[in-house]
Amino acid sequence: MRPAPTILHLDMDAFYASAEQAAKPSLRGKAVVVGGLGPRGVVATASYEARVLGVHSAMPTAQARRLAPNAAYLVPRFSLYRSVSEQVMELLGRLSPLVEPLSLDEAFVDLEAGGVADDTVSARRTGERLRTAIREVTGLRGSVGLAGSKMLAKIASEQAKPDGLVLIEPGTERELLAPMSVRTLPGVGPATGDHLRRAGMTTVHDLAEAGEAELVRLVGKAHGHGLYRMALGLDDRPVVAERDAKSVSVEDTFDVDLHDRVRVRAEVERLAVRCVERLRSADRSGRTVVLKVRRYDFSTLTRSETLRGPTDDPTVVREAAARLLEAVDTTGGVRLLGVGVTGLADFTQEDLFAQAADARELAARAEVSEKPVAEDSKPVEDEPEGAEQLAARRWPAGHDVRHTVHGHGWVQGSGVGRVTVRFEEPGGPVGRVVTFRVDDPELSPADPLPLVRDPVDYSSWPASLPKSRSGPVSAAGGESRP
């Protein structure tokens with residue numbers, strides 16, 4: 001534990017949904033839900049306007065539609081979210097060499113290591129200025145928590161939501177934590193929480209009073225020891241600048257269960273190629289290929305194969321994934337498929353062509369030994385998608401388009417051979433809506449536009465950072481929200 005609140009935790013507020021509202025003037029102040037839109041889609045993020053209606057992350061989209069039928073439902077635009085995240089992380093990197101990203105919208109920062117804070121006053125000032133910088137560079141808002149440990153900084157940022165700053169003074173940890181639910185502590189999920197509740201422990205105070213020996217008896221030595229330390233507010237974990245990814249993976253949930261074995265294999269190979277694209281974008285390679293199959297009855301199987309060395313060759317990964325599929329019974333249907341690569345490295349196997357040849361030879365041997373595909377199976381190209389599916393794939397709701405006459409816009413929806421577009425840009429007025437044929441030659445997909453056209457120059461951050469325009473700081477240690 002540090003004697004000063006120099007560990008900062010930043011959490012961008014409803015990140016995906018807020019980015020969509022900033023990009024689309026017609027959605028500002030309205031309920032927005034970002035996620036999968038199919039029958040089995042899941043909510044990734046909901047705006048605060050949608051959360052008031054009961055919508056939350058990880059909820060089935062079908063359930064969200066029942067709670068908020070008039071919300072805007074959009075397919076994620078990860079290229080936009082990544083570009084905004086890079087802007088935010090660059091600002092954090094100017095504060096300190098020790099920045100630990102947890103996701104696109106969340107990170108820890110060691111302010112002391114950057115020399116920008118060494119006490120309560122300087123830490124609060126830096127947190128306020130960071131929020132100002134994020135607003136002026138990205139147009140979005142984030143919540144900041146400051147404390148003497150990572151655990152408490154994250155708790156503080158959660159209390160600060162939305163769009164606030166909360167600082168926890170070192171020495172007040174136990175008093176602050178005591179009345180909180182045991183679920184507040186890291187690592188206490190629903191199962192552990194229920195187990196503790198049955199033992200009569202519902203608050204952090206109950207854990208501290210129970211003692212380490214009792215917690216070890218209830219949840220085991222490793223977890224019990226850590227749980228007791230957290231209940232006392234003790235957390236010595238450092239901010240780690242490089243959080244090495246342990247794996248790269250992609251997966252798809254299908255609107256209708258897949259029964260055709262040939263179609264299943266084609267989907268696995270497509271996912272393998274996408275996985276390698278993501279692997280290469282991170283300049284990594286991997287040694288172990290993992291296949292994930294969720295069947296019609298929700299049972300989930302995983303199979304893995306370790307290669308001779310790290311690779312980023314799509315042929316190698318694709319054929320390894322296909323071999324793994326041969327060992328999985330897909331009778332009855334498949335609702336989800338995923339392909340991942342683990343054992344990541346910064347280099348690749350030197351002889352990729354030889355490795356690919358070996359993989360093809362193994363696949364050929366497996367093909368001979370396996371029974372043939374059922375006679376009624378048809379190649380995937382013989383199963384054309386319907387017009388509605390094609391339109392949804394080409395014109396995802398919320399994605400950017402450009403028309404040769406009307407300019408830049410975004411897809412409001414598509415169906416019955418038509419696509420409806422609202423033509424507006426970030427920072428501009430609410431735009432007009434026009435409907436076109438899905439095959440209109442003058443309409444084409446486009447890249448997202450920046451959320452802020454002329455952002456403030458923060459190249460000299462933090463030395464010459466403008467004076468903060470954040471709200472007044474309250475006596476309780478938090479910041480009043482505008």
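- What you find for Gly428 and Pro25 is that their closest heavy atoms are O-CG, 3.2 Å.
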Requested in this report: Report the C-alpha distance between Trp410 and Glu20 in whole Å, list the side-chain angles of each, state the deciding distance to 0.1 Å, and finish with yes or no for side chain to side chain donor-acceptor pair (under 3.5 Å).
Outcome: CA-CA 11 Å; Trp410 59 277; Glu20 297 297 348; over 6 Å; no
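- Contact annotation: the side chain of Ser103 never approaches that of Phe15 to less than 4.5 Å [non-hydrogen atoms, C-beta and beyond].
- With rounding to the nearest 0.5 angstrom, the CG atom of Leu74 is 5.5 Å from the NZ atom of Lys24.
- Listed for the Tyr73 side chain is a donor-acceptor partner under 3.5 Å among the backbone atoms of Ala64.
- Listed by first then second residue, pairs satisfying side chain to side chain donor-acceptor pair (under 3.5 Å) with a partner in residues 183-198 number zero, not counting sequence neighbours.
- Contact detail for Leu37 and Ala397: the closest heavy-atom pair is CD1-CB, 3.8 Å.
- Side chain of Lys154 to backbone of Gly145: no donor-acceptor contact under 3.5 angstrom is found.
- Every residue was checked against the salt bridge (Lys or Arg N to Asp or Glu O under 4.0 Å) condition with Asp454, not counting sequence neighbours, and none meets it.
- Look at Arg77 and Asp400 and you find a salt bridge, because one of the NZ, NE, NH1 or NH2 atoms lies within 4.0 Å of a carboxylate O, short of that distance.
- Residues Arg294 and Glu251 are not paired through a salt bridge, judged by the lack of any N-O separation under 4.0 Å between the basic side chain and the carboxylate.
- Taking 4.0 Å as the cut-off between side-chain N and carboxylate O, Arg265 and Glu269 count as a salt-bridged pair.
- For the pair Leu10/Val109, no side-chain contact is recorded, criterion being any heavy-atom separation below 4.5 Å from C-beta on.
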Requested in this report: Go through the steps to decide whether Gln159 and Met180 satisfy the test side-chain contact (heavy atoms from CB on, under 4.5 Å), and finish with yes or no.
Outcome: CA-CA 12 Å; Gln159 290 183 330; Met180 293 184 177; 3.1 Å; yes
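- Taking the ring axis of Tyr48 as reference, the NZ or CZ atom of Arg51 stays within 45° of it and closer than 6.0 Å to the ring centre.
- The two atoms that bring Ser26 and Glu424 nearest to each other are OG-OE2, 2.6 Å, heavy atoms only.
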Report task. Might you work through the side-chain contact (heavy atoms from CB on, under 4.5 Å) test for Met59 and Val42, ending with a clear yes or no? Result -> CA-CA 6 Å; Met59 170 183 286; Val42 175; over 6 Å; no
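- Taking Glu425 as the reference, Arg453 meet the salt bridge (Lys or Arg N to Asp or Glu O under 4.0 Å) condition, with sequence neighbours excluded.
- Salt-bridge check for Glu214 with Arg217: passed, with a basic side-chain N closer than 4.0 Å to an acidic carboxylate O.
- Legend: salt bridge (Lys or Arg N to Asp or Glu O under 4.0 Å) pairs involving residues 6-18, not counting sequence neighbours, sorted by first then second residue: Asp11-Lys161, Asp13-Lys161.
- Under a 4.0 Å N-O distance rule, the pair Asp236/Arg229 qualifies as a salt bridge.
- Rounding to the nearest 0.5 Å places OG of Ser157 at 12.5 Å from CE of Met12.
- For Phe108, the ring pair (Phe, Tyr, Trp, His ring centres under 6.0 Å) partners at least two apart in sequence or on another chain are His9.
- For Val248, the side chain to side chain contact (heavy atoms under 4.5 Å, CB included) partners at least two apart in sequence or on another chain are Cys275, Arg278, Leu279, Leu344.
- Judged as a side chain to side chain contact (heavy atoms under 4.5 Å, CB included), and not counting sequence neighbours, the contacts of Asp206 are Met201, Thr202, Thr203.
- The OG1 atom of Thr132 sits 6.5 Å away from the OH atom of Tyr458 when rounded to the nearest 0.5 Å.
- Here Thr302 contributes atom OG1 and Leu291 contributes atom CG; the two are 8.5 Å apart, rounded to the nearest 0.5 Å.
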For residues 88-96, which side-chain donor-acceptor pairs fall under 3.5 Å, sequence neighbours excluded?
unit_1, atom_1, unit_2, atom_2, d
Glu90, OE2, Arg94, NH2, 3.3
Arg94, NH1, Ser459, O, 2.7
Ser96, OG, Leu98, N, 3.0
Ser96, OG, Asp110, O, 2.6

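- Residues satisfying the side chain to side chain contact (heavy atoms under 4.5 Å, CB included) test with Thr342, not counting sequence neighbours, are Ser247, Thr288, Val290.
- Considering all non-hydrogen atoms of both residues, Ala46 and Ala14 come closest at O-CB, 3.7 Å.
- For the atom pair CG of Leu227 and CG of Leu215, the computed distance is 5.5 Å after rounding to the nearest 0.5 Å.
- Listed here is the closest heavy atom pair of Val116 and Pro462: CG1-CG, 3.8 Å.
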Report task. Show your working on side chain to side chain donor-acceptor pair (under 3.5 Å) between Asp313 and Thr311 and close with a plain yes or no. Result -> CA-CA 6 Å; Asp313 187 325; Thr311 183; 5.2 Å; no
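- Residue pairs meeting the side chain to side chain donor-acceptor pair (under 3.5 Å) criterion with at least one member in residues 164-174, sequence neighbours excluded, are Thr120-Glu169.
- Between the side chain of Thr45 and the backbone N or O of Val34, no donor-acceptor pair lies under 3.5 Å.
- Put simply, the side chain of Arg287 gets close to the backbone of Leu307: a donor and an acceptor are under 3.5 Å apart.
- Ser85 places no side-chain N or O within 3.5 Å of a backbone atom of Tyr81 that could act as its donor or acceptor partner.
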Report task. Apply salt bridge (Lys or Arg N to Asp or Glu O under 4.0 Å) to Glu277 and Arg280, showing your working. Result -> CA-CA 5 Å; Glu277 290 173 351; Arg280 287 182 168 181; over 6 Å; no
Report task. Apply side-chain contact (heavy atoms from CB on, under 4.5 Å) to the pair Leu111 and Ile7, showing each step before the final yes or no. Result -> CA-CA 6 Å; Leu111 301 180; Ile7 293 182; over 6 Å; no
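- With respect to Arg125 and Glu128, no salt bridge is recorded, no charged nitrogen being found less than 4.0 Å from a carboxylate O.
- Checked against salt bridge (Lys or Arg N to Asp or Glu O under 4.0 Å), Glu212 has no partners two or more places apart in sequence or in another chain.
- A donor-acceptor pair under 3.5 Å is absent between the side-chain atoms of Asp163 and the main chain of Arg141, judged by distance alone.
- Salt bridge annotation for Arg274-Asp252: present, with a cationic side-chain nitrogen under 4.0 angstrom from a carboxylate oxygen.
- Applying the salt bridge (Lys or Arg N to Asp or Glu O under 4.0 Å) test to Glu112 and every residue at least two apart in sequence or in another chain returns Arg2.
- A side-chain donor-acceptor contact under 3.5 Å links Ser122 to the backbone of Asp119.
- Annotation for Pro101 and Val99: closest pair CD-O, 3.3 Å, computed over non-hydrogen atoms.
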**Report entry** Derivation of the side-chain contact (heavy atoms from CB on, under 4.5 Å) call for Lys150 and Arg237
**Finding:** CA-CA 7 Å; Lys150 291 168 68 172; Arg237 293 174 300 159; 3.8 Å; yes
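- Atoms CG and CG, from Leu177 and Leu232 in turn, are 9.5 Å apart once rounded to the nearest 0.5 Å.
- Using a 4.5 Å cut-off on side-chain heavy atoms (C-beta onward), Tyr228 and Leu234 make no contact.
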